[in-house]
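Here is the structure we will look at.
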Amino acid sequence: MDKAYNSSQEGQIYELWLNSGAFTPKVPADPKKAKLKDNPYSIILPLPNANDPMHMGHALFTIQDILVRYHRMLGQPTLWLPGGDHAGIETQFVFEKKLQKEGKSRFDFDRQTLYQMIWDFVEENRKLNQFQMKKLGFSMDWTRYHYSLEPKIVDNVLATFKKLYNDGLVYRDEKIVNYCTHCGTAFSNLEVDYVDEIGKLYYMKYGPFILATTRPETKFGDTAVAVNPKDKRYIKYVGQEITIEGLNGPFTVKVIADDMVDMKFGTGVVKITPGHDPNDFEASIRHHLPIKKVIGFDGRMTELAGKYAGLTVNQAREKVVADMQERGMLVKIDDQYQHRIGRCYRCHHVIEPMVAPQWYLKIDKLAKPATEAAKSGQLKFFPTRFKKAYITWMENIRDWNISRQIVWGPRIPAWYCLDCNPDIKLNFLDKNKNIISDFYKNIKNKYSIDEINNGLQSLVAPTDAAFTVEKTDHCPKCKSKNIIQETDTFDTWFLSGQWPLSTLGFNTTDPSKSSPDFDYFYPTTVMDTLWDILFFWVARMTMFGLYLTGDVPFKTVHLHSKVTDAKGQKMSKSKGNVVNPLDMTEKYGTDALRMSLVYGIAPASDFVVSEDKIRAQRNFVNKIWNASRFVEMLIDRLNPSKISLDIDKLKLIDADKDILNKLNKIISSTTKNLETYHFGQASEDLYQFFWKEFCDLYIENAKDRGEEAIPVLLTVLITSLKLLHPFIPFVTEEIYQYLIEKYNFKKELLISSSWPKNEN
RNA sequence: GAGUCUAUAGCUCAGUUGGUUAGAGCGCUUCGUUGACAUCGAAGAGGUCAGAGGUUCGAGUCCUCUUAGACUCACCA
């Protein structure tokens, strides 16, 4: 054996495992029946973005590898199913940044071309991600790898949409949504980051009132002004139409009374802009107010803003304020006003509340069973505190906007007849690559359907537009062949929410035709993921799982901790504080990195990755190597006639009994800790046992003994290797193979060996 | 506004159901080792376990309050 452990052999060991078939469980002929007897263990990997290079968060998949390796050693048929996500908006965002560097934008391309470009971009990076997961030693079944845009996966997702539609759970509506004018798409509530910012609160004259607003530029969209019904100051105005002096000339609004108004805030008067404020939108429904859109999807003021049309929101605000000041309409400005601004979680531009037609999923029927599953314990949480968060969220859930106005992702399978829906607005590049943006009725005689389809960027269909969810080449009603597919794509989570089903081969259209994998492994055993996608993903998977199969997609949700940098900040590419795990494996070996990610970590608490810690674990890995080397040297020196693992209990001295006793204890505690997800404790105990008890005490003592010590030495060593294998698979396997070879033991891989049992 | 979490050695953190002198890594001090160990070993300094009160034979561990910080959710102009 070499003087020190050399981690450069890891690749070969991985090949050894891979070629042995240990990663690929076999599914028996009668999976449903065999399942009860076999007790299969399965984990679906939280699919990383296919184009995303590895970061420490991915390295935490180590937790899953520990679980999987442990259960495999217990003899359970074990599946860890890997995958890659096309990651809708995330990927398109990254790609658009790349385009920007080249001086281009998404508007230079039709959607098919853009889609193909992004596809190629992702393909380049997808292999890298897989390579990196192999580097970290993850014992995933690569034969079952899935990519979220595989035709089979997508088809099933579309089938789910159809089923939801047929069950009456899909509808289109024009409500106020969180719209990012920079990304050009609407988002769900979860995708908006609210940031405390210091802004300005403008007090302006407004008919007989003075009112405070942060958004003077939206006054062109005002359709009412509201006061509190209990406010004696203003009660006399309620119900009146009042005339407001406007920058584009006078206009009238209605005075309404509504509890939403806080008498103590500002002057107790609020202007109501239903088109650009969620509260005002709600109020407009209560009071039947008209909606005026003064900001367009491009982030610029519309014609309704009169002379301000065409300005960006910020430009318009500046100009409006200046003009009002000039005309004495501004009373005062509070420039230290602290409020919360919604920002796009991707690009961090300000989110504009906008009224836009979107596709929605009625969520009540899906959420109810998903809530019940958590309450009844059918779905378990670890740590348990997340159960409460999950239930609270589920009980307050709202209908889900599943449409996104981006190209990167499966298009919603709905087809419109243009001749039946002449008010559909089309945005496309004509054959000369000029952008055309107009209603179909205005251009129907100028462009062929082929030209429109070929250059298509997006369409906006009124909410009452007729559509069909079956693909067709002619309209069933008017027989027109001018058919166009919805350009909205699905929210990424709509697809990944079905991931456990799709990857295991569940067939939505005909569940009886689902694959044997599904019958054998569903519901999966554990879903281990970062807690910050509990709502985004875990909740959605649970809803889809129960809706489609009647069963939860996983029995236990294990939420793990977040890796932070030295300042306690979450590592992210945008912050530039990412520590590359692959650099660490190069420097210290994969085992050292893996061990440092779980050693002494409390369940689901944040922790800091430091190089010191990784170095310390590298020393531990090396200690194991050298202890093994020393055991070998001791045995060589004694030159015994026969090497055996059989312990003769009659010949044991106190030191032997002591170490065997402690070995039994560590077997029990490690097993228990792994069963209860106490990886930190398990790894720490093993570290202490091996270093202190075995190396410092027992081996030191064995230096002066004869060959009768050999069986105990080897037994404790090999058992330790087994216990440590889930945590540090490479060094343990390498030593194990060396020992087998040298002492002619039965040939087997440690990965496939059996988990130690307490002998007492 | 509602909820959750954290507060333990100089630093980063363990301490699962309350039970003997509170632990690890790194750092620090002294000594010893260069034929297992990128060193390793032995010994050691260092903590009123945020503060106050309570339950208990016994609390870092359970309860209440206080203080400080982090996060999640929520429609405040």
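Reminder, nothing fancy here: chain letters follow the sequence lines and each chain counts from 1. For clarity, every value in this text was computed on a predicted model and none was experimentally measured.
- Contacts of V261(A) with the nucleic acid, taken as non-hydrogen atoms under 4.0 Å apart, include base atoms.
- With rounding to whole Å, L597(A) atom CG is found 19 Å from rU12(B) atom P.
- Taking for each of Y687(A) and K388(A) the nucleotide of RNA chain B with the nearest heavy atom, the 5'-most of the two is the partner of K388(A).
- Among the atoms of the strands shown, none is found under 4.0 Å from any heavy atom of R215(A).
- Between the CG atom of N178(A) and the P atom of rA74(B) there is a distance of 10 Å, rounded to whole Å.
- Checked by atom type, the side-chain pair Q617(A)/Y588(A) shows no donor-acceptor distance below 3.5 Å.
- For the 3.5 Å distance criterion, the side chains of N626(A) and Y5(A) fail to qualify, holding no donor opposite an acceptor.
- The distance from atom OH of Y698(A) to atom P of rA36(B) is 18 Å, rounded to the nearest whole Å.
- Across the P atoms, rG47(B) and rG23(B) are found 14 Å apart, a figure rounded to whole Å.
- Between N178(A) and N189(A), the side chains place a donor N or O and an acceptor N or O closer than 3.5 Å (distance only, hydrogens not considered).
- Note on Y390(A): nothing from the nucleic acid sits closer than 4.0 angstrom, heavy atoms only.
- Comparing the same atom, P, in rU8(B) and in rG51(B) gives a spacing of 10 Å after rounding to whole Å.
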| Which parts of nucleotides 37-47 of chain B does protein reach within less than 4.0 Å, heavy atoms only, written one letter per nucleotide 5' to 3' as B for base, S for sugar-phosphate only and - for none? | BB-SSS-----

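- Under the 4.0 Å criterion applied to side-chain N and carboxylate O atoms, D364(A) and K368(A) are not assigned as salt-bridge partners.
- Stem list for RNA chain B (at least 3 consecutive Watson-Crick or G-U pairs, distances under 3.5 Å): B:1-7 with B:67-73, B:10-13 with B:23-26, B:28-32 with B:40-44, B:50-54 with B:62-66.
- Between the side chains of Q737(A) and E741(A), no donor-acceptor pair is found at a separation under 3.5 Å.
- Electrostatic pairing of D636(A) and K742(A) counts as a salt bridge here, judged by a charged N lying under 4.0 Å from a carboxylate O.
- Between R385(A) atom CZ and rG3(B) atom C1' the separation is 13 Å, expressed in whole Å.
- Nucleotides rC75(B) and rU64(B), compared at atom C1', are 35 Å apart to the nearest Å.
- When distances are taken from the side chain of M633(A) to each of rC5(B), rG35(B), rG25(B), the shortest belongs to rG35(B).
- Between the CZ atom of F630(A) and the C1' atom of rA36(B) there is a distance of 5 Å, given to the nearest Å.
- For W531(A), taking side-chain heavy atoms from C-beta onward, the closest of the listed nucleotides rU72(B), rG15(B), rA36(B) is rU72(B).
- The separation of rA43(B) from rA24(B), taken at their P atoms, amounts to 12 Å, rounded to a whole angstrom.
- Under the 6.0 Å distance and 45° angle rule, K271(A) does not count as a cation-pi partner of Y206(A).
- Salt bridge K665(A)/E693(A): absent, no basic N to carboxylate O contact under 4.0 Å.
- Between rG19(B) and rC63(B), the two P atoms lie 15 Å apart (nearest whole Å).
- Here rC76(B) presents its P atom at 19 Å from CE of M263(A), a figure rounded to the nearest Å.
- Taking atom P on both nucleotides, rC65(B) is separated from rG27(B) by 43 Å, rounded to a whole Å.
- Listed nucleotides rC5(B), rC26(B), rA36(B) differ in distance to D612(A); the shortest reach to its side chain belongs to rC26(B).
- With rounding to whole Å, Q617(A) atom CD is found 10 Å from rG25(B) atom P.
- For Y237(A) and F209(A), the gap between ring centers is short of 6.0 Å.
- When the P atom is used for both rG18(B) and rC37(B), the distance is 46 Å, rounded to whole Å.
- Residue whose closest nucleotide on RNA chain B sits further toward the 5' end, between C695(A) and Y599(A): Y599(A).
- The nearest whole Å value for the distance from the NZ atom in K175(A) to the P atom in rC75(B) is 13 Å.
- Within the structure, salt bridge (charged side-chain N to carboxylate O under 4.0 Å, His left out) contacts touching residues 273-284 of chain A (residues at least two apart or in different chains) do not occur.
- No more than 12 heavy atoms of other residues, nucleotides or ligands shown are found within 6.0 angstrom of NZ on K254(A).
- Between the C1' atoms of rA7(B) and rC28(B), the separation comes to 25 Å (whole Å).
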